[in-house]
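So the structure is just underneath, and the comments pick up after that.
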Amino acid sequence: MCGIIGYVGKKNSVPFIIDGLKKLEYRGYDSAGISILQEEKLVTVRAVGKVAELEKAALLANPKGQCGIGHTRWATHGKPCEENSHPHTDCTGEIVVVHNGIIENFLTLREKLSSLGHRFKSETDTEVIAHLIEENLKTAPGATPKERLINAVRKTNGEISGAYAYGVLWARVPGFLLGVKNQSPMVVG
Ligand code: GLU
């Protein structure tokens with residue numbers, strides 16, 4: 001279990017996301033993180049421990065942006081540490097993913113992606129989602145980056161198995177936050 005929250009709007013997303021993570025903290029509290037799209041670049045802040053630790057780190061880093069995602073983790077794959085805390089990125093650092101649940105076939109996918117040249121930075125099952133989206137974007141059809149992202153995520157969903165919900169940001173599609181759910185609950189408001 002974990003808590004995920006995303007924000008797209010007109011205000012700075014950081015206070016909304018930190019506040020939302022505090023409300024979701026009962027779902028997971030071994031580490032937490034946020035990624036904020038700031039001037040077309042993703043700024044990620046992560047911290048081990050409760051959301052209060054993340055809040056302190058976020059105050060220091062002071063990211064600002066109208067689109068962002070956050071996660072408070074309850075580890076299933078990989079010990080609680082900064083490297084394993086979410087959000088996780090692809091090789092380019094332009095895609096970030098926060099995830100709830102378990103990707104059952106992550107080992108097979110990790111081996112396949114590693115053989116294609118992807119470099120993993122964590123022990124989590126989650127990280128395969130970011131690299132798989134990166135891989136699928138290479139051939140995803142679509143007239144715009146947004147359409148290509150949607151198609152790459154659709155293909156990714158056909159390749160991963162398990163019960164999950166996840167959120168994705170791609171720095172090339174500012175102001176667009178993609179949410180995916182398979183059995184896990186998700187609320188949009
Ligand atoms: N399986 C993921 C992990 O271990 C997500 C766990 C969670 O739902 O918090 O990082």
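What's counted below: heavy atoms across the whole structure, side chains too, no hydrogens, waters or symmetry copies.
- Using a 4.5 Å cut-off on side-chain heavy atoms (C-beta onward), Val97 and His86 make no contact.
- When each of Thr44, Val43, Val98, Val45 is tested with Ile34 by the rule side-chain contact (heavy atoms from CB on, under 4.5 Å), just one qualifies, namely Val45.
- Proximity of a side-chain donor or acceptor of Arg46 to a complementary backbone N or O of Gly33 within less than 3.5 Å is not detected.
- Put simply, the side chain of Leu21 reaches to within 4.5 Å of the side chain of Ile5, judged on heavy atoms.
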What verdict does the side-chain contact (heavy atoms from CB on, under 4.5 Å) test give for Ile150 and Leu178, after you've listed the backbone C-alpha separation in whole Å, the side-chain angles of each residue and the deciding distance to 0.1 Å?
CA-CA 8 Å; Ile150 292 169; Leu178 212 154; 4.0 Å; yes

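- Tracing side-chain contacts under 4.5 Å through hydrophobic residues (I, L, V, M, F, W, Y), one reaches Val153 starting from Ile160; they form part of the same cluster.
- Atoms CG and OG1, on Leu149 and Thr144 in that order, are 9.5 Å from each other to the nearest 0.5 Å.
- From Thr76, atom OG1 reaches atom CG of Asp125 across 4.5 Å, with rounding to the nearest 0.5 Å.
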Give every donor-acceptor pair under 3.5 Å between a side-chain atom in residues 180-187 and any protein atom, sequence neighbours left out.
residue: Lys181; atom: NZ; partner: Ser184; partner atom: O; Å: 3.0
residue: Asn182; atom: ND2; partner: Gly162; partner atom: O; Å: 2.9
residue: Ser184; atom: OG; partner: Asn100; partner atom: OD1; Å: 3.4

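- Side-chain atoms of Arg148 come within 3.5 Å of backbone atoms of Leu137 as a donor-acceptor pair (strictly under, hydrogens ignored).
- Checked by atom type, the side-chain pair Asn62/Lys64 shows a donor-acceptor distance below 3.5 Å.
- With a 6.0 Å radius and a threshold of 12 heavy atoms from other residues, nucleotides or ligands, Lys138 has its NZ atom above the threshold.
- Heavy-atom minimum distance, Leu177 versus Gly68: CD2-O, 4.2 Å.
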Step-by-step side-chain contact (heavy atoms from CB on, under 4.5 Å) determination, Tyr7 to Asp19:
CA-CA 11 Å; Tyr7 174 93; Asp19 199 42; over 6 Å; no

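- Side-chain heavy atoms closer than 4.5 Å link hydrophobic residues (I, L, V, M, F, W, Y) into clusters, and following such links, even through other members, never connects Val173 to Leu37.
- There is no path of hydrophobic side-chain contacts, each under 4.5 Å, that joins Val14 to Val96.
- The closest side-chain heavy-atom distance from Thr89 to Glu127 is not below 4.5 Å.
- Put simply, the side chain of Glu25 gets close to the backbone of Val51: a donor and an acceptor are under 3.5 Å apart.
- The heavy-atom pair separating Phe16 from Asn12 by the smallest distance is CD1-O, 3.5 Å.
- With a 4.5 Å cut-off on side-chain heavy atoms, Phe106 and Ile129 do not count as touching.
- Contact check on Lys56 versus Glu53 returns a salt bridge, with a Lys/Arg side-chain nitrogen under 4.0 Å from an Asp/Glu carboxylate oxygen.
- When all heavy atoms of Ile4 and Tyr166 are compared, the closest pair comes out as CD1-CA, 4.3 Å.
- A pairwise comparison of heavy atoms in Gly93 and Asp90 identifies N-OD1, 2.9 Å as the closest pair.
- Lys155 approaches Asn136 most closely through the heavy-atom pair NZ-OD1, 3.6 Å.
- Within the model, atoms CZ of Arg110 and OG of Ser115 stand 13.0 Å from one another, a figure rounded to the nearest 0.5 Å.
- Remark: the backbone N or O of His99 is paired with a side-chain donor or acceptor of His71 at under 3.5 angstrom.
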Could you please spell out the steps behind the side-chain contact (heavy atoms from CB on, under 4.5 Å) verdict for Phe120 and Ser114?
CA-CA 8 Å; Phe120 285 80; Ser114 296; 3.7 Å; yes

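- When hydrophobic clusters are built by joining Ile, Leu, Val, Met, Phe, Trp and Tyr residues whose side-chain heavy atoms come closer than 4.5 Å, directly or via intermediates, Leu42 is grouped together with Ile69.
- Contact annotation: the side chain of Gln66 never approaches that of Ser13 to less than 4.5 Å [non-hydrogen atoms, C-beta and beyond].
- Between Ala130 and His88, the shortest heavy-atom contact is CB-O, 4.1 Å.
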Chi angles and distances behind the side-chain contact (heavy atoms from CB on, under 4.5 Å) call for Asn84, Ser31:
CA-CA 9 Å; Asn84 288 338; Ser31 55; over 6 Å; no

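- Follow the hydrophobic side-chain contacts under 4.5 Å out from Ile103 and you reach Leu132 in the same cluster.
- Counting heavy atoms from C-beta outward, Trp74 and Arg27 have side chains that stay 4.5 Å or more apart.
- Salt-bridge check for Lys50 with Glu55: failed, with every basic side-chain N at 4.0 Å or more from each acidic carboxylate O.
- Within the 3.5 Å criterion, the main-chain N or O of Gly78 finds no donor-acceptor partner in the side chain of Thr124.
- Heavy-atom contacts from other residues, nucleotides or ligands closer than 6.0 Å to CZ of Arg172 number 12 or fewer.
- Between the CG atom in Leu169 and the OG atom in Ser35 there is a gap of 7.0 Å [rounded to 0.5 Å].
- Here the side chain of Asp30 pairs a donor or acceptor atom with the backbone of Ala75 at under 3.5 angstrom.
- There is a side-chain donor-acceptor pair under 3.5 Å between Glu134 and His118.
- Between Lys121 and Glu83, none of the side-chain N atoms (NZ, or NE/NH1/NH2) sits under 4.0 Å from a carboxylate O, so this pair counts as no salt bridge.
- Side-chain contact annotation: Asn105 with Glu159, donor-acceptor N/O pair under 3.5 Å absent.
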